[in-house]
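Comments concern the structure below.
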Protein chains: 2
Amino acid sequence: MDPTNDSAVTSPLSPAEDVARGTGVSLWKQIAERIEAEIVEGRLTPGARLPTENELAERFGVNRHTLRRALASLTERRLIEATPGRGTFVKEPPIRYPINARTRFSEIVSREGRAPSGRLIGSRVEPASAEIAQALGLAPGAEVLRVDVIREADGVPITVASHWYEADRCRDLDLLVAATGSVTRALETLGLGDYRRLETRITARPADEEDCRLLALPSGRTVMVVDAINGDPQRRPIQYSHARFCADRVQLVVKT
Amino acid sequence: MDPTNDSAVTSPLSPAEDVARGTGVSLWKQIAERIEAEIVEGRLTPGARLPTENELAERFGVNRHTLRRALASLTERRLIEATPGRGTFVKEPPIRYPINARTRFSEIVSREGRAPSGRLIGSRVEPASAEIAQALGLAPGAEVLRVDVIREADGVPITVASHWYEADRCRDLDLLVAATGSVTRALETLGLGDYRRLETRITARPADEEDCRLLALPSGRTVMVVDAINGDPQRRPIQYSHARFCADRVQLVVKT
DNA sequence: CGGATTTGTATATTCATCTATACAAACAGG
DNA sequence: CCTGTTTGTATAGATGAATATACAAATCCG
């Protein structure tokens, strides 16, 4: 979300909006639905600034607190976000991130009309833990290459991930990731571009301090933790991944 | 409406119906919408008896008065009707009565799946008032035949009307109406079956005592008063009509 | 830094919604 | 006619919605 466009205050909402009383539908809900329609129909685009609370209250002919109740509803559903002193802005919709056999970050983000980018934030060779060794079909303690990356859409961090590879097989993968900014591209260079998702496990938890810093999150926000194994066409494991997706910015989609 | 089918108490409404709280939509409105859907979708047919108020309250998990508020909404909109001691019944929908060049009572009622009938309730030759003379293009005081009819759908009175014709031109029209029960049929016999609507004026008022009696209405109900001129194909006036339609049972439809 | 602006929080009041209890009125059936 | 059933009306209280007033906190700009 790019909230710097403060001059975009010309609201598409019409000057006076009537809300019906006595119909059994609360005023706040009617207002929330009106504003949501503007967003859904594209008349209020992501990053656009809404009129002030006082303006909206006057426009709908209600008390400011009634109006705030409507905004609270939209905030709760992550359609808008407000900052004291600055205003209320339309949020970017979460990225729909399909989990299937061929899960590719760059393609997914591009398909949502967003610019994907990635960045190596660390790498090292280390002995495989029992869990990683088992996932990759290696002996415990075998050398594995750990690659830490952060991935962004339109410059906004979306996910932080640690990947582990058999060290002998993926010797300079980290250098390729650093050079290209893309894990898929790096794997293609090593002849492993046709990898596919073998298994995915999803949990969620509050983001820890490190993830908050990397993902530019206020403390306490939720991340979805996605542990996955990717393998080659013969289904031999080549990558174990431990990723944290920002729950505000990503929506995982599983089709069955 | 035929409310005598008391054995039709097997309600299509499911045994338990959840209504959502805290959504900004009142409970009573959700319940009213649920019941209306049953009616609109044909699962509750005209004349059917709804479960008792206590049953419905228990079914929706609300207090009886909340349930009554929902029923009040449906009653107000004339979808249902309740009688103490008997129960609450689905009403017949009003007859949609198009007002256009070729307005024929019998055809309209038949098209709504109802059985039309008519009855002569009086007739006489009288001097034309200034208004009637003007409408029929006659000299004031000229002899006109006044014919009073009542019209029913499925035996329920729908409209009471007084018609005035030039006496010389429609000498035995009243006898024909009495014999056939249909004004259109009588006019056809006189070679005037191709009449068409030249002008229609619509007002509304509370029904007077006479109209309440003829239309089988409780006192105070509203009638729509439709004053109309019908003419022959050359647009010469042949009939002036002063009709009172029961507003509960008829819905006038004008297409522009 | 100070002032203006905007959102966030608090307190108080009124009205609508929802619930509970009780009894009256009308209808149907034995 | 009496009893049972069902809707209609009344009273009371709790909670949510809506309104009003006031002030705090955060941001932006000159």
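Chain naming here is simple, since letters A, B, ... match the order of the sequence lines and numbering starts at 1 in each.
The CG-P distance, from B:N54 to D:dG8, rounds to 12 Å in whole Å. Rounded to whole angstrom, the span from the CD atom of B:Q30 across to the P atom of C:dC18 amounts to 9 Å. Rounded to a whole Å, the CZ atom of B:F60 is 16 Å from the C1' atom of C:dC18. We find that CD of A:E81 is positioned 14 Å from C1' of D:dA26, with the value rounded to whole Å. If you take CD of A:E53 and C1' of D:dA25, they are 13 Å apart, rounded to a whole angstrom. In this structure, B:E58 atom CD and C:dT19 atom C1' are separated by 16 Å, rounded to whole Å.
Fit an axis to the five pairs at each end of the helix from C:dC1-D:dG30 to C:dG30-D:dC1 and the two axes sit 30° apart, to the nearest 10 degrees.
Side-chain contact between A:P94 and A:V250 is absent, with no heavy atoms from C-beta onward closer than 4.5 Å.
Looking at which nucleotide of DNA chain C each of A:T83 and B:G61 is closest to, the 5′-most match is held by A:T83.
Residues that satisfy the side chain to side chain contact (heavy atoms under 4.5 Å, CB included) test with A:E41, not counting sequence neighbours, are A:A37, A:R43. In this structure A:R146 satisfies the salt bridge (charged side-chain N to carboxylate O under 4.0 Å, His left out) test together with A:D148, sequence neighbours excluded. Residues passing the side chain to side chain contact (heavy atoms under 4.5 Å, CB included) test with A:A178 are A:L120, sequence neighbours excluded. With sequence neighbours left out, B:R197 forms a side chain to side chain donor-acceptor pair (under 3.5 Å) with B:T200, B:N230. A:Q251 pairs by the side chain to side chain donor-acceptor pair (under 3.5 Å) definition with nothing, not counting sequence neighbours. Remark: A:T88 engages no residue in a side chain to side chain donor-acceptor pair (under 3.5 Å) (not counting sequence neighbours). For A:R249, the salt bridge (charged side-chain N to carboxylate O under 4.0 Å, His left out) test picks out no residue, with sequence neighbours left out. Every residue meeting the side chain to side chain donor-acceptor pair (under 3.5 Å) condition with B:R77, not counting sequence neighbours, appears here in chain and number order: B:E36.
Within residues 19-29 of chain A, no residue places a heavy atom under 4.0 Å from DNA chain C. Within residues 62-71 of chain B, the residues approaching DNA chain D are B:R64, B:H65, B:R68, by heavy-atom distance under 4.0 Å.
In terms of phosphate contacts, B:R86 brings no side-chain nitrogen or oxygen within less than 4.0 Å of OP1 or OP2 of D:dT6.
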Side chains of residues 19-27 of chain A: which donor-acceptor pairs under 3.5 Å do they make with residues two or more places apart or in other chains?
from: A:R21; atom 1: NH2; to: A:G61; atom 2: O; distance (Å): 3.0
from: A:T23; atom 1: OG1; to: A:V25; atom 2: N; distance (Å): 3.2
from: A:S26; atom 1: OG; to: A:W28; atom 2: NE1; distance (Å): 3.2
from: A:S26; atom 1: OG; to: A:K29; atom 2: N; distance (Å): 3.4
from: A:S26; atom 1: OG; to: B:G24; atom 2: O; distance (Å): 3.0

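Between C:dT7, D:dG8, D:dT6, one nucleotide has an atom nearer to the side chain of A:T88 than all others, and that is C:dT7.
The number of heavy atoms from other shown groups lying within 6.0 Å of CZ (A:R96) does not exceed 12.
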